[in-house]
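A quick write-up on the structure given underneath.
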Number of protein chains: 2
Amino acid sequence: MPEFLDLHGKTSKALRAAADAGMRRHGLHLGQNLLLAALWEQDGRTPGELAAALGVTTPTVVKMATRMATAGLLTRTRDDRDQRLVRLRLTDAGRALQQPVEAERRLLEERVTADLAPEERRLLLTALAKVHRATTALLAEQDGADTPA
Amino acid sequence: MPEFLDLHGKTSKALRAAADAGMRRHGLHLGQNLLLAALWEQDGRTPGELAAALGVTTPTVVKMATRMATAGLLTRTRDDRDQRLVRLRLTDAGRALQQPVEAERRLLEERVTADLAPEERRLLLTALAKVHRATTALLAEQDGADTPA
DNA sequence: CAGGGATCACTAGACGGCTAATGTCTTCAG
DNA sequence: CTGAAGACATTAGCCGTCTAGTGATCCCTG
């Protein structure tokens with residue numbers, strides 16, 4: 001029933017499917033592009049750092065990293081100075097995807113927002129940002145309420 | 001990089017987490033409320049019908065139905081007239097959740113859109129609808145382009 | 001210097017989602 | 001009336017995500 005939640009959900013699903021189709025063209029699965037993007041920005045990060053950067057839990061990154069290492073996109077190396085840490089480093093194949101994947105993502109953004117007037121697009125971003133903040137605040141409040149003194 | 005995709009993704013994740021927390025309070029997992037909603041609207045539908053109504057694939061509904069049957073929310077029955085079909089029917093427990101779950105969902109909608117002026121909310125819905133249509137069109141186009149004569 | 005607490009990555013297992021493959025039942029054409 | 005084609009649900013197996021639990025390493029305190 002709720003209008004916004006419903007519409008947002010449908011849009012999410014559609015965008016997810018479109019993004020997946022786009023990434024698949026470059027041999028990636030949905031989500032892997034985000035991990036790659038974090039490594040393009042700064043190579044050699046640890047699973048924990050990446051998880052924090054992506055807003056995801058560490059096990060998620062570990063699983064993805066395992067698959068992507070198998071796929072030859074990155075390598076796993078133990079940090080020399082701190083043996084607890086693992087460094088994820090891009091291979092040439094992983095680096096080579098940066099240009100095409102970023103282009104694909106820009107194209108998708110253009111396509112899905114093509115029907116929006118500049119003013120409309122601006123307002124959409126503003127409104128969505130407010131929803132994002134409100135939702136994040138709601139989550140923080142709940143987490144805090146569940147673990148009080 | 002893409003502004004809208006990035007923001008939309010983050011918002012999706014946050015909303016998902018918030019919805020999950022809300023549903024968990026009623027003993028449901030995220031997504032089950034949607035299947036239930038479809039059955040509240042019309043009981044006794046088949047997995048295929050539900051999948052179409054929810055915009056997911058049939059196997060997804062089958063898996064969810066299995067868990068929800070185990071949880072005592074619905075029952076599985078073979079259709080008398082067409083033995084290929086399966087009818088999913090709500091139990092009393094499944095029906096009993098309608099009021100509280102719908103209330104929970106309305107509350108979430110209110111909370112996350114609380115910072116939006118009425119006008120702003122209206123524009124958000126309009127813009128999001130446009131994005132949804134554009135994305136759906138994009139998907140249809142790709143599906144058609146992949147399977148030409 | 002030694003031990004205990006913090007900090008990491010990783011494993012196990014669950015859920016929602018998808019595609020591909022299986023199996024069963026209907027139905028329709030010959 | 002029989003057999004092939006179509007419609008359905010289901011299973012198998014993958015990906016991304018989460019929470020819990022495990023194991024190793026580091027560091028700081030006593």
Side-chain angles (χ1 to χ4, degrees), chain A residues 9-10 12-21 23-24 27-36 38 45-52 54-71 73-74 76-88 139 143 146-147, chain B residues 9-10 12-21 23-24 27-36 38 45-52 54-71 73-74 76-88 139 143 146-147:
Chain A
K10 287 187 202 307
S12 279
K13 191 187 301 291
L15 277 175
R16 192 179 180 76
D20 190 44
M23 288 308 118
R24 206 172 294 274
L28 290 180
H29 295 275
L30 183 59
Q32 299 190 340
N33 62 319
L34 298 176
L35 209 171
L36 283 179
R45 290 162 118 162
T46 68
E49 286 169 1
L50 289 165
L54 301 181
V56 137
T57 60
T58 306
T60 296
V61 172
V62 170
K63 277 193 186 178
M64 287 180 53
T66 300
R67 291 179 198 125
M68 291 168 74
T70 302
L73 297 172
L74 51 80
R76 260 202 175 89
T77 325
R78 217 88 213 184
D79 187 296
D80 281 341
R81 283 175 292 188
D82 188 338
Q83 294 290 119
R84 290 172 305 181
L85 303 180
V86 161
R87 296 288 169 190
L88 299 180
L139 283 171
D143 283 359
D146 278 14
T147 320
Chain B
K10 287 188 202 307
S12 278
K13 193 187 299 293
L15 278 175
R16 191 178 181 77
D20 190 45
M23 289 306 118
R24 206 174 294 275
L28 291 180
H29 294 276
L30 183 57
Q32 300 191 339
N33 61 319
L34 299 176
L35 208 167
L36 283 179
R45 289 161 117 163
T46 68
E49 287 168 1
L50 289 165
L54 300 181
V56 299
T57 60
T58 307
T60 297
V61 172
V62 170
K63 273 193 188 175
M64 286 179 54
T66 300
R67 291 179 198 123
M68 289 167 76
T70 303
L73 297 172
L74 51 80
R76 260 200 176 90
T77 326
R78 217 86 214 187
D79 187 297
D80 281 341
R81 281 175 293 187
D82 189 338
Q83 294 288 122
R84 290 172 304 183
L85 302 179
V86 161
R87 298 288 168 189
L88 299 180
L139 283 172
D143 284 358
D146 277 15
T147 321

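The model shown is predicted, which means the values in this text are computed figures rather than measured ones. Sequence lines set the chain letters: A, B, ... in the order given, protein chains first and strands last, and positions in each chain run from 1.
- A distance of 10.0 Å separates CG of Asp80(A) from CZ of Arg87(A), quoted to the nearest 0.5 Å.
- Within the 4.0 Å cut-off from OP1 or OP2 of dC10(C), at least one side-chain nitrogen or oxygen of Arg76(A) is found.
- Between Ala65(A) and Leu88(A), the shortest heavy-atom distance links the atoms CB-CD1, 3.8 Å.
- Rounding to whole angstrom units, CE of residue Met68(B) and C1' of dA14(C) are separated by 16 Å.
- Rounding to whole angstrom units, NE2 of residue His29(B) and C1' of dA14(C) are separated by 8 Å.
- Atom NE2 of residue His29(A) and atom CE of residue Met68(A) lie 10.0 Å apart, to the nearest 0.5 angstrom.
- Regarding contacts with the backbone of dG16(C), a side-chain N or O of Gln32(B) is found under 4.0 angstrom from either OP1 or OP2.
- For the pair Asp79(B) CG and dT27(C) C1', the interatomic distance rounds to 16 Å; values are reported in whole Å.
- Between Leu35(A) atom CG and Thr60(A) atom OG1 the span is 10.0 Å, to the nearest 0.5 Å.
- Using a 4.5 Å cut-off on side-chain heavy atoms (C-beta onward), Asp79(B) and Arg84(B) make no contact.
- Residue Leu28(B) holds its CG atom at 6.0 Å from CG of Leu73(B), rounded to the nearest 0.5 Å.
- Rounded to whole Å, the distance from CG on Asp20(A) to C1' on dG16(C) is 14 Å.
- Asp20(B) has no carboxylate O lying under 4.0 Å from a charged side-chain N of Arg16(B), or vice versa, which leaves the two without a salt bridge.
- Here the CG-CE distance, from Leu74(B) to Met64(B), works out to 9.0 Å after rounding to the nearest 0.5 Å.
- Distance, Lys63(B) NZ to dA14(C) P: 12 Å, rounded to whole Å.
- The nearest pair of heavy atoms linking Leu139(A) to Ala14(B) is CD1-O, 3.6 Å.
- Along DNA chain C, the nucleotide nearest to Arg16(A) and the one nearest to Thr58(A) differ in position, and the one closer to the 5' end is contacted by Thr58(A).
- The shortest distance between the side-chain N/O atoms of Arg67(B) and the OP1/OP2 oxygens of dG16(C) is below 4.0 Å.
- Atom CE of residue Met23(A) and atom CG of residue Leu36(A) lie 9.5 Å apart, to the nearest 0.5 angstrom.
- Atom-to-atom, CG of Leu50(B) to P of dG16(C) comes out at 14 Å; the value is rounded to the nearest Å.
- The residue among Gly31(A) and Arg81(A) whose nearest nucleotide of DNA chain D is located toward the 5' end is Gly31(A).
- Here chain A contacts DNA chain D (any atom closer than 4.0 Å to a heavy atom, that is under 4.0 Å), and the contacts span dC15(D) to dC26(D) from 5' to 3'.
- For the OP1/OP2 pair of dC18(C) and a distance below 4.0 Å, the side-chain nitrogens and oxygens of Thr57(B) include at least one atom meeting the criterion.
- Direction of the helix axis in the helix from dC1(C)-dG30(D) to dG30(C)-dC1(D) shifts by 10° between the two five-pair termini, rounded to 10°.
- Residues Pro47(B) and Lys13(B) both approach DNA chain D. Their nearest nucleotides, taken by heavy-atom distance, put Pro47(B) toward the 5′ side.
- Residue Thr66(B) is out of contact with every strand shown, counting any heavy-atom pair closer than 4.0 Å.
- Straight-line distance from the CZ atom of Arg84(A) to the C1' atom of dC8(C): 6 Å, rounded to whole Å.
- Atom CE in Met64(B) sits about 9 Å away from atom C1' in dC15(C), given to the nearest Å.
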